Number of protein chains: 2
Amino acid sequence: MKDGVPAHSGCAVEQVLRLLSGRWTLYILWRLQDMGPQRFNALVRLIPGVSPKVLTERLKALENAGLVSRHYEPTVPPQVTYSLTDRAVELRATLDQIAGVSRSWVAEGWRMDTGFPDPAKDG
Amino acid sequence: MKDGVPAHSGCAVEQVLRLLSGRWTLYILWRLQDMGPQRFNALVRLIPGVSPKVLTERLKALENAGLVSRHYEPTVPPQVTYSLTDRAVELRATLDQIAGVSRSWVAEGWRMDTGFPDPAKDG
DNA sequence: GTAAGTAGGTACCATTTGGTAACTAAAGGG
DNA sequence: CCCTTTAGTTACCAAATGGTACCTACTTAC
């Protein structure tokens with residue numbers, strides 16, 4: 001984006017997709033859903049490969065979007081617990097829909113070959 | 001991604017989200033849905049701001065994913081027409097769901113403030 | 001004194017992504 | 001001959017994204 005071209009920024013769907021499509025974002029949501037409220041370092045360990053930097057970023061974004069709530073306990077050392085909000089539950093049904101479509105495609109033998117670099121093509 | 005960390009690549013939802021979250025991708029799908037099958041340059045003109053490079057890339061990805069079909073007419077000059085597949089229609093219902101949630105959030109005064117750079121902050 | 005844990009923040013770096021401009025071949029119009 | 005159209009491709013460049021490593025302030029354990 002350079003200057004005055006707003007693209008299709010007014011579109012709510014794009015915004016939500018953009019929020020959800022960041023790396024680890026869905027994983028975070030699913031872990032919080034499956035395991036209940038979690039503390040920061042617990043999430044780091046629960047999501048193998050995520051860096052604290054990105055996890056912080058994602059949690060902030062999700063908090064600003066109202067999908068995650070952050071509870072800070074000013075003990076020493078501090079305890080910060082993250083949990084899903086009601087809004088996130090709303091989203092969950094939608095995500096289940098996507099999951100359904102995705103899985104049905106995979107079941108039909110659908111191979112994800114979008115031209116994006118394959119993250120699993122290690123030796 | 002560096003080497004052997006597969007992240008959560010096995011997850012179909014992530015794959016689909018990754019496909020859909022690229023810039024212009026949803027826009028392309030919506031234009032094809034609203035306006036019916038379109039030729040390449042028609043799409044370029046229909047989506048203000050998209051470059052032929054990215055449009056080609058997206059259309060290829062969507063074709064590989066089985067959401068768009070490409071009809072090549074070997075005339076001179078050639079005519080290439082893109083249209084949605086049945087699979088894309090399946091996806092449409094899901095997208096409508098997301099659209100519903102997104103719009104309800106917006107209606108409640110939800111502001112997209114995810115910490116991502118705001119694409120509309122020109123001035 | 002040293003190590004570990006808590007919840008991140010910061011600097012730096014590599015990769016990914018997307019944009020611009022120029023180019024292609026083959027035909028038609030002036 | 002020169003310009004236009006079609007459907008892209010290519011080279012180049014800037015910005016966004018995400019990873020690693022190191023830092024904080026404070027306490028407990030050894």
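Not measured: the values here are computed from a predicted model. Just so it is clear: chains get the letters A, B, ... in the order the sequence lines come, proteins before strands, and each one is counted from 1.
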**Q** Once you round it to whole Å, what is the distance between P of D:dT20 and CD of A:E57?
**A**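 Taking atom P of D:dT20 as the reference, CD of A:E57 is at 14 Å.
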**Q** Can you see if the side chain of A:R23 gets near the phosphate of C:dT16 - specifically, an N or O under 4.0 Å from OP1 or OP2?
**A**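 Answer no for this pair, as no side-chain N or O of A:R23 is under 4.0 Å from OP1 or OP2.
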**Q** Round to a whole Å and report the spacing from CZ of B:R58 to C1' of D:dT9.
**A**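 Going from B:R58 (CZ) to D:dT9 (C1'), I get 17 Å.
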**Q** Taking atom P of D:dA7 as reference, at what distance in whole Å does atom CG of B:L59 sit?
**A**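 After rounding, the gap between these two atoms is 11 Å.
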**Q** Is there a donor-acceptor pair closer than 3.5 Å between any side-chain N or O of A:R58 and the backbone N or O of A:R23?
**A**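 Between the backbone of A:R23 and the side chain of A:R58 there is a qualifying donor-acceptor contact (under 3.5 Å).
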**Q** More than 12 non-hydrogen atoms from neighbouring residues, nucleotides or ligands closer than 6.0 Å to CZ on B:R103, yes or no?
**A**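 Incorrect, the count does not exceed 12.
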**Q** Are any of the side-chain heavy atoms of B:Y27 and B:V50 separated by less than 4.5 Å?
**A**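 Result no, sub-4.5 Å side-chain heavy-atom pair not found.
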**Q** Using only heavy-atom distances, decide whether a donor-acceptor pair under 3.5 angstrom links the side-chain of A:K53 to the base of D:dG18.
**A**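 A donor-acceptor contact between them is present.
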**Q** In degrees, rounded to 10°, what is the bend between the two ends of the helix from C:dG1-D:dC30 to C:dG30-D:dC1, using five pairs at each?
**A**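 Rounded to the nearest 10 degrees, the bend comes out at 30°.
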**Q** Do B:R92 and B:Q33 meet the criterion of a side-chain donor-acceptor pair at a distance under 3.5 Å?
**A**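 The answer is yes; a qualifying pair exists.
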**Q** Look at atom CG of A:D86 and say whether more than 12 heavy atoms of other residues, nucleotides or ligands are closer to it than 6.0 Å.
**A**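 Check fails, neighbour count at 12 or below.
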**Q** Rounded to the nearest Å, what distance is computed from the CD1 atom of residue B:I47 to the C1' atom of nucleotide D:dG8?
**A**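 To the nearest whole Å, that distance equals 15 Å.
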**Q** Short of 4.0 Å, heavy atom to strand atom, which residues of residues 69-83 of chain B count as contacting DNA chain D?
**A**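 B:R70, B:P77, B:P78, B:Q79, B:V80, B:Y82, in order of number.
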**Q** Given that B:V54 and A:T56 both sit by DNA chain C, which one's nearest nucleotide is further toward the 5' end?
**A**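 Result of the comparison: A:T56.
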**Q** Please state how far atom CH2 in A:W24 lies from atom P in D:dT17, giving the value in whole angstrom units.
**A**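 Answer to the nearest Å: 17 Å.
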**Q** Are any of the side-chain heavy atoms of B:W24 and B:L55 separated by less than 4.5 Å?
**A**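 A side-chain contact under 4.5 Å is absent here.
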**Q** From C-beta outward on B:R45, which listed nucleotide comes closest to its side chain: D:dT6, D:dG19, D:dA16?
**A**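 Taking heavy atoms from C-beta onward, the closest nucleotide is D:dT6.
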**Q** Indicate yes or no for a side-chain donor-acceptor contact from B:T81 to the backbone of B:P37 under 3.5 Å, with no hydrogens or angles considered.
**A**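 Side chain of B:T81 to backbone of B:P37, a donor-acceptor pair under 3.5 Å: no, none is there.
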**Q** So, does B:R39 get its side chain near the phosphate of D:dA7, meaning an N or O under 4.0 Å from OP1 or OP2?
**A**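 For B:R39, the contact criterion (side-chain N or O under 4.0 Å from OP1 or OP2 of D:dA7) is met.
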**Q** Please give, in whole Å, the distance from C:dT17 P to B:L19 CG?
**A**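 Result: 12 Å.
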**Q** For B:S51 and for A:P52, find the nucleotide of DNA chain C with the closest heavy atom, then tell me which residue's nucleotide is more 5'.
**A**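 Its nearest nucleotide lies further toward 5', so the answer is A:P52.
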**Q** Distance-only check: which donor-acceptor pairs under 3.5 Å involve side-chain atoms of residues 72-80 of chain B, not counting sequence neighbours?
**A**
| unit_1 | atom_1 | unit_2 | atom_2 | d |
| --- | --- | --- | --- | --- |
| B:E73 | OE1 | B:H71 | NE2 | 2.7 |
| B:T75 | OG1 | B:P77 | O | 2.7 |

**Q** Is the shortest heavy-atom distance from the side chain of B:L43 to the side chain of B:L32 under 4.5 Å?
**A**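 Yes, close enough: below the 4.5 Å cut-off.
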**Q** I need the CD-P distance between A:Q38 and C:dG8, as an integer number of Å.
**A**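 These atoms are roughly 14 Å apart.
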**Q** Expressed in angstrom and rounded to an integer, what is the separation of A:L55 atom CG from D:dT17 atom P?
**A**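 Rounded to whole Å, this separation is 17 Å.
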